[in-house]
Amino acid sequence: MQTTGEPPGAGHVCTHHRSEASCAECQVRLVSVCAALTGEELGLLEALSQQIHLDPRHALFRQGDDANAVYNVTEGMLRLSRLLPDGRRHVMGFAMVGDFLGLALPARFTVTAEALGPVRLCRFEKRAFAALVADKPHLLQRLHERAGYELTLAQDHMMLLGRRTAEEKVASFLLSLRERYGRIGQTSVTLELPMGRQDIADHLGLTIETVSRMLTRLDREKAILIVPGGVRLLDGGRLESLAAA
């Protein structure tokens with residue numbers, strides 16, 4: 001494992017020695033592309049990896065930085081945002097456990113990735129990771145499947161920004177987040193929202209006042225219950241009806 005300090009372009013990152021748990025024992029592997037690898041192949045992957053800890057509100061990389069590494073999120077959530085030419089910020093999405101960052105072809109990152117809380121990741125030098133993938137067709141297949149899933153998320157988001165009311169957008173966002181949590185085995189009626197309301201607003205193309213008003217309305221209608229750190233989904237049918245509109 002590399003422990004040579006801060007990776008290029010990833011300001012405010014702390015690196016630590018790997019814990020006793022190996023890649024083969026990592027629970028995140030089951031919900032990541034790494035699940036396609038055998039024990040021996042996991043050893044090869046582990047030899048390329050570097051454990052990273054990112055403090056809250058610190059950037060892993062910024063828009064325009066050299067995309068010389070690939071990252072697998074093993075704990076926490078990151079906000080992915082892009083600065084538009086007119087100076088406005090658009091939140092493209094949120095990276096969760098099991099997500100890979102940096103797999104795209106551009107030589108520079110097109111978004112800024114910032115931690116919403118404590119985040120842990122595995123870092124792989126891009127060339128070394130690409131060489132491993134080229135030698136493992138089944139891993140390449142899993143990456144293609146992951147890319148297809150991320151494309152679906154992007155298409156759903158484009159539809160979300162279309163002709164929908166603010167309430168429909170907020171309901172769809174909550175249900176989408178519930179589904180993503182479910183994919184990684186985190187099923188609960190209480191939905192954690194590590195992102196702020198401004199982040200949600202910048203993601204949905206709304207104002208923070210509108211997001212707050214819609215959440216309050218859904219709370220008043222008993223579709224959700226606003227709790228510290230998130231919301232409790234009380235009436236999934238009501239939210240699904242709004243999302244399907």
How would you list, by chain and number, every residue that makes a side-chain contact (heavy atoms from CB on, under 4.5 Å) with [X], sequence neighbours excluded?
X: Thr216; result: Arg220
X: Arg108; result: Asp66
X: Arg238; result: Glu167, Glu221, Ala223, Asp235, Leu242

Arg217: what forms a side-chain hydrogen bond (donor to acceptor under 3.5 Å, both in side chains) with it, not counting sequence neighbours?
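Not a single residue meets the side-chain hydrogen bond (donor to acceptor under 3.5 Å, both in side chains) criterion with Arg217.
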
How would you list, by chain and number, every residue that makes a side-chain hydrogen bond (donor to acceptor under 3.5 Å, both in side chains) with Ser188, sequence neighbours excluded?
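Scan of Ser188 (side-chain hydrogen bond (donor to acceptor under 3.5 Å, both in side chains), adjacent residues dropped) gives none.
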
Side chain to side chain, [X] and [Y], heavy atoms closer than 4.5 Å:
X: Asp99; Y: Tyr71; value: no
X: His90; Y: Ser81; value: no
X: Gln63; Y: Phe109; value: no
X: Phe61; Y: Val111; value: yes
X: Phe100; Y: Val70; value: yes
X: Leu101; Y: Asn72; value: no
X: Leu233; Y: Arg178; value: yes
X: Leu132; Y: Leu48; value: yes

Pair Arg79, Arg57 - check side chain to side chain contact (heavy atoms under 4.5 Å, CB included), show working.
CA-CA 9 Å; Arg79 175 181 59 230; Arg57 297 182 298 279; over 6 Å; no

When you measure from the side chain of [X] to the backbone of [Y], do you find a donor-acceptor pair of N or O atoms at a distance under 3.5 Å?
X: Ser241; Y: Gly237; answer: no
X: Ser212; Y: Ile208; answer: yes
X: His53; Y: Arg120; answer: no
X: Arg82; Y: Thr110; answer: yes

Looking at every non-hydrogen atom in both residues, tell me the closest pair between [X] and [Y] and how far apart they are.
X: Ala59; Y: Leu54; result: O-CD1, 3.8 Å
X: Lys169; Y: Gly205; result: NZ-O, 4.4 Å
X: Arg164; Y: Glu168; result: CA-OE1, 3.4 Å
X: Pro106; Y: Lys126; result: O-NZ, 3.8 Å

Reported [atom1]-to-[atom2] distance for the pair [X] and [Y], which is rounded to 0.5 angstrom:
X: Leu204; Y: Thr210; atom1: CG; atom2: OG1; result: 10.5 Å
X: Met96; Y: Tyr181; atom1: CE; atom2: OH; result: 5.0 Å
X: Leu191; Y: Leu177; atom1: CG; atom2: CG; result: 4.5 Å
X: Ser49; Y: Arg123; atom1: OG; atom2: CZ; result: 11.0 Å
X: Phe173; Y: His203; atom1: CZ; atom2: NE2; result: 5.5 Å
X: Ile200; Y: Leu206; atom1: CD1; atom2: CG; result: 10.0 Å

Applying side chain to side chain contact (heavy atoms under 4.5 Å, CB included), run through Leu215 and Val211 and close with a yes or a no.
CA-CA 6 Å; Leu215 289 173; Val211 169; 4.0 Å; yes

Test question: given the 4.5 Å side-chain rule for I, L, V, M, F, W and Y, name all other residues clustered with Leu234, or answer none.
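Noted: Leu234 shares its cluster with Leu225, Val227.
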
Tell me whether Asp219 is salt-bridged to Arg232, with the criterion being a basic N under 4.0 Å from an acidic carboxylate O.
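Judged by the 4.0 Å cut-off on N to carboxylate O distance, Asp219 and Arg232 do not form a salt bridge.
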
NZ/NE/NH1/NH2 to OD/OE distance under 4.0 Å, Asp202 and Arg197
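The answer is no: the pair does not qualify as a salt bridge.
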
Which is it for Gln51 and Cys122 under the side chain to side chain contact (heavy atoms under 4.5 Å, CB included) test, yes or no, and what are the steps along the way?
CA-CA 5 Å; Gln51 290 276 301; Cys122 286; 3.1 Å; yes

Would Val119 and Asp55 count as a side chain to side chain contact (heavy atoms under 4.5 Å, CB included) here? Give the steps.
CA-CA 7 Å; Val119 170; Asp55 292 328; over 6 Å; no

Cluster link Val189 to Val170, ILVMFWY, side chain under 4.5 Å
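Unlinked, Val189 and Val170 end up in two clusters.
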
